[in-house]
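One structure below.
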Amino acid sequence: MAKSETEQLNVNPSAENLAAAAKAAGRKGPPPVHLWNPPFCGDLDMEIRRNGTWFYLGTPIGRHALVKLFSSIIRKDGEDYFLVTPVEKVGIRVVDAPFVAVDAEVTGQGRDQRIAFTTNVEDAVTAGAGHPIRVERDPETGEPAPYVLVRRNLEALIDRKTFYRLIERGTHEDRDGARWFGLWSDGSFFPLIPSAELD
């Protein structure tokens with residue numbers, strides 16, 4: 001008995017089928033991936049490296065339009081990442097964060113400051129209560145890894161050049177009985193490092 005087209009898709013998920021479904025779903029704005037609940041169809045040999053480069057079958061995806069398309073249907077459930085369409089859900093690997101914040105425009109000063117980030121897939125987001133900035137530090141080297149929340153539970157790693165440029169706009173504030181160095185944006189203060197740890 002011949003398998004239906006959907007069953008064949010579920011057995012053999014492919015980047016081509018996902019791209020076609022993403023394109024169709026995104027015709028009227030951002031695809032509502034959080035509303036879709038399709039069956040899990042297995043893992044795809046796709047990986048997003050720490051620098052934001054997407055790989056498929058071990059080869060970098062060179063077409064920016066295709067990367068942007070895939071990035072519109074990415075979802076994080078628990079600690080795992082998936083590409084989701086109305087009919088299928090496939091697992092992919094993400095080394096660090098799914099996006100990279102490659103630039104930031106700062107307007108205003110002090111508590112009136114606003115930081116607007118642009119990602120490698122052209123998402124634009126202003127840091128604030130709904131889009132917090134956080135920093136994780138390597139326990140061995142102390143090296144900071146800064147992130148900003150882009151959409152739902154998907155973050156962008158803020159690239160080094162952008163982060164160090166933002167540090168120049170940082171300030172010290174008291175939070176929870178401690179002094180912190182951090183950044184203001186859109187009425188929210190984001191602590192980055194205890195003031196005592198700065199020279």
Next item on the list: Identify which one of Ile92, Asn120, Leu157, Leu154 satisfies the side-chain contact (heavy atoms from CB on, under 4.5 Å) criterion when paired with Pro98.
Entry: Leu154
Margin query: Is any side-chain heavy atom of Val94 closer than 4.5 Å to one of Glu47?
Written below: no
Item checked: Those residues that, when tested against Asp103, pass salt bridge (Lys or Arg N to Asp or Glu O under 4.0 Å) (two or more places apart) -> Arg165
Item checked: Contacts of type side-chain contact (heavy atoms from CB on, under 4.5 Å), residue Thr141, not counting sequence neighbours -> Asp138, Glu143
Margin query: Measuring only between side-chain heavy atoms, which start at C-beta, is Asn51 closer than 4.5 Å to Val95?
Written below: no
Next item on the list: Test side-chain contact (heavy atoms from CB on, under 4.5 Å) on Asp96 and Tyr147 and set out the steps.
Entry: CA-CA 10 Å; Asp96 192 339; Tyr147 302 87; 2.7 Å; yes
Next item on the list: To the nearest 0.5 Å, tell me how far Leu192 CG sits from Thr171 OG1.
Entry: 11.0 Å
Note to self: If you compare all heavy atoms of Gly130 against all heavy atoms of Pro132, which two are closest, and at what distance to 0.1 Å?
What the structure shows: C-CD, 3.5 Å
Margin query: Is the shortest side-chain heavy-atom distance between Gln113 and Val106 below 4.5 Å?
Written below: yes
Notebook entry, point to check: Which pair of non-hydrogen atoms, one from Phe189 and one from Pro191, has the smallest distance, and what is that distance?
Noted result: O-CD, 3.5 Å
Note to self: For a quick test of reading the model, state the closest non-hydrogen atom pair linking Ala127 to Asp186 and the distance between them.
What the structure shows: O-CB, 3.3 Å
Item checked: From CZ (Arg50) to CG (Asp159), nearest 0.5 Å -> 10.5 Å
Checklist line | Single-linkage hydrophobic cluster, 4.5 Å side-chain cutoff, Phe117 and Val102 together | finding: no
Next item on the list: Decide yes or no for Trp36 and Pro31: does some side-chain heavy atom of the first lie under 4.5 Å from some side-chain heavy atom of the second?
Entry: yes
Next item on the list: Can you measure from OG1 (Thr119) to CD (Glu155) and round to the nearest 0.5 angstrom?
Entry: 13.0 Å
Next item on the list: Report yes if some heavy atom in the side chain of Ile74 is under 4.5 Å from a heavy atom in the side chain of Val33; otherwise report no.
Entry: no
Margin query: Return the CD1 to CG distance between Ile115 and Leu183, rounded to the nearest 0.5 Å.
Written below: 4.5 Å
Item checked: Taking every non-hydrogen atom, the tightest pair across Gly128 and Ser188 -> C-OG, 4.0 Å
Item checked: Criterion side-chain contact (heavy atoms from CB on, under 4.5 Å) against Phe99, the qualifying member of Val125, Val148, Val150 -> Val150
Next item on the list: Using the side-chain contact (heavy atoms from CB on, under 4.5 Å) rule, take Leu198 and Ile193 through it: C-alpha gap first, then chi angles, then the decisive distance, then the call.
Entry: CA-CA 8 Å; Leu198 295 176; Ile193 186 170; 3.9 Å; yes
Notebook entry, point to check: Taking only residues two or more places apart in sequence or in another chain, which ones pass salt bridge (Lys or Arg N to Asp or Glu O under 4.0 Å) with Glu105?
Noted result: none
Checklist line | Test: Arg75 cationic atom under 6.0 Å from Tyr81 six-membered ring centre, within 45° of axis | finding: no
Checklist line | Pairs involving residues 152-180, ordered by first then second residue, that meet ring-ring contact (aromatic ring centres under 6.0 Å, His included) (sequence neighbours left out) | finding: His172-Phe181
Checklist line | Path from Phe55 to Val90 over hydrophobic side-chain contacts below 4.5 Å | finding: no
Item checked: For the student: nearest non-hydrogen atoms of Ala156 and Ala101, plus distance -> CB-N, 3.7 Å
Notebook entry, point to check: If we only count heavy atoms from C-beta on, is the His34 to Val84 side-chain gap below 4.5 Å?
Noted result: no
Check: Ignoring hydrogens and geometry, is there a side-chain-to-backbone donor-acceptor pair from Ser185 to Arg114 under 3.5 Å?
Finding: no
Next item on the list: Would you please test Arg49 and Arg93 for side-chain contact (heavy atoms from CB on, under 4.5 Å) and show each step?
Entry: CA-CA 9 Å; Arg49 301 276 171 89; Arg93 297 183 305 278; over 6 Å; no
Output a table of donor-acceptor pairs, distance under 3.5 Å, between side-chain atoms of residues 57-68 and any protein atom two or more places apart or on a different chain; print 'none' if there are none.
residue: His64; atom: NE2; partner: Glu122; partner atom: OE2; Å: 2.7
residue: Lys68; atom: NZ; partner: Glu122; partner atom: OE1; Å: 2.9

Next item on the list: Check whether any side-chain heavy atom of Thr53 lies under 4.5 Å from a side-chain heavy atom of Ile48, and answer yes or no.
Entry: no
Checklist line | Closest non-hydrogen atom pair between Ser71 and Arg151, with its separation | finding: O-NH1, 3.0 Å
Item checked: Pairwise side-chain contact, Phe190 with Arg134, heavy-atom cut-off 4.5 Å (strictly under) -> no
Item checked: Check ion pair Asp77-Lys89 (N to O, under 4.0 angstrom) -> yes
Item checked: Hydrophobic cluster membership, Phe70 vs Val121, 4.5 Å side-chain cutoff -> yes
Next item on the list: May I have the step-by-step check of side-chain contact (heavy atoms from CB on, under 4.5 Å) for Met46 and Leu83, ending in yes or no?
Entry: CA-CA 10 Å; Met46 189 174 284; Leu83 296 183; 3.7 Å; yes
Margin query: Checking Trp184 now: which residues fulfil side-chain hydrogen bond (donor to acceptor under 3.5 Å, both in side chains) with it, not counting sequence neighbours?
Written below: Glu173
